[in-house]
Amino acid sequence: MSNKAIVLDANILIRAVLGKRVRELIVDNADAVQFFAPDVAYADARKYLPGLLEKRGVKSGPVMTVLDALESIVWPLELGVYGGLKTQALQRIAIRDADDWPVLACAMTIGCPVWTEDADFFGTGIATWTSDRVELYLAS
């Protein structure tokens with residue numbers, strides 16, 4: 001396994017489930033990169049996906065199975081792993097969106113960047129990659 005790692009925000013998990021490109025990037029790079037997400041990112045994805053799917057007229061069962069399968073590639077991290085950095089993470093991100101602290105704390109714990117579409121992570125001291133640029137990180 002590689003020492004290269006990246007933490008995914010809930011919006012990337014949702015994109016991996018709803019779309020093809022993000023999921024392919026994750027699957028195609030699983031041998032070279034360790035992918036992580038805080039447990040709450042999975043909880044958020046499970047909370048918001050049914051409504052998104054309903055708007056698209058898509059049955060949620062098969063799609064939620066894709067999210068469940070992602071857990072074997074994008075490892076969920078429990079609060080006990082990253083919770084010790086909550087105060088530091090909140091100091092860095094609370095002004096923008098305090099709810100994002102678990103993603104930031106995971107990245108700080110592991111010492112790796114964040115993959116997100118959320119601009120709230122910019123300026124937190126952690127490298128941030130968006131889907132249109134993450135291939136540069138994955139390939140480096």
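From a predicted model like this one, the values you see are computed outputs, not experimental measurements.
- Of all heavy-atom pairs spanning Phe121 and Leu104, the tightest one is CE2-N, 4.0 Å.
- The pair Asp68-Arg46 meets the salt-bridge criterion, with a side-chain N (NZ, NE, NH1 or NH2) lying under 4.0 Å from an Asp/Glu carboxylate O.
- Heavy-atom minimum distance, Ala105 versus Leu85: O-CD1, 3.9 Å.
- Closest approach of Asp99 to Pro102, counting heavy atoms only: O-CD, 3.3 Å.
- A salt bridge is absent between Glu54 and Lys59: the closest approach of a Lys/Arg side-chain nitrogen to an acidic carboxylate oxygen does not fall below 4.0 angstrom.
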Q: Take Val114 and Leu8 through the test side-chain contact (heavy atoms from CB on, under 4.5 Å) and record every step on the way to the result.
A: CA-CA 6 Å; Val114 169; Leu8 280 61; over 6 Å; no

Q) Yes or no on side-chain contact (heavy atoms from CB on, under 4.5 Å) for Thr116 and Thr130, after CA distance, side-chain angles and deciding distance? A) CA-CA 5 Å; Thr116 184; Thr130 54; 5.6 Å; no

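- Checking Tyr82 against Asp39 by side-chain atom types alone, a donor-acceptor pair falls below 3.5 Å.
- Remark: the backbone N or O of Phe122 is paired with a side-chain donor or acceptor of Arg96 at under 3.5 angstrom.
- When atom types are taken as modelled, the side chain of Arg23 and the backbone of Val17 share a donor-acceptor pair closer than 3.5 angstrom.
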Q.
side-chain contact (heavy atoms from CB on, under 4.5 Å) for Trp115 and Phe35? Distances and angles first, verdict last.
A. CA-CA 10 Å; Trp115 180 0; Phe35 295 97; 4.0 Å; yes

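- The heavy-atom pair separating Ala5 from Cys112 by the smallest distance is O-CB, 3.2 Å.
- Contact of the Ile6 side chain with the Phe36 side chain is not registered, since no non-hydrogen atoms from C-beta on lie closer than 4.5 Å.
- Panel note: side chain Glu71, backbone Pro76; no donor-acceptor pair is recorded below 3.5 Å.
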Q: Could you walk me through whether Arg92 and Met108 pass side-chain contact (heavy atoms from CB on, under 4.5 Å), step by step?
A: CA-CA 11 Å; Arg92 294 182 184 199; Met108 292 165 62; 3.9 Å; yes

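- A 4.5 Å side-chain heavy-atom check between Lys4 and Tyr137 finds at least one atom pair inside the cut-off.
- Closest approach of Asp9 to Ala41, counting heavy atoms only: C-CB, 4.4 Å.
- Contact annotation: the side chain of Leu18 approaches that of Leu53 to within less than 4.5 Å [non-hydrogen atoms, C-beta and beyond].
- Clustering ILVMFWY residues whenever any of their side-chain heavy atoms sit less than 4.5 angstrom apart, transitively, puts Leu13 in the very cluster that holds Val58.
- Judged purely by atom type and a 3.5 angstrom limit, Asp44 has no side-chain atom pairing as donor or acceptor with the backbone of Ala10.
- Judged by the 6.0 Å distance and 45° axis criteria, Lys47 is not positioned over the aromatic ring of Tyr42.
- A pairwise comparison of heavy atoms in Ala16 and Leu70 identifies CB-CD1, 3.7 Å as the closest pair.
- The shortest distance between side-chain heavy atoms of Leu79 and Lys86 does not fall below 4.5 Å.
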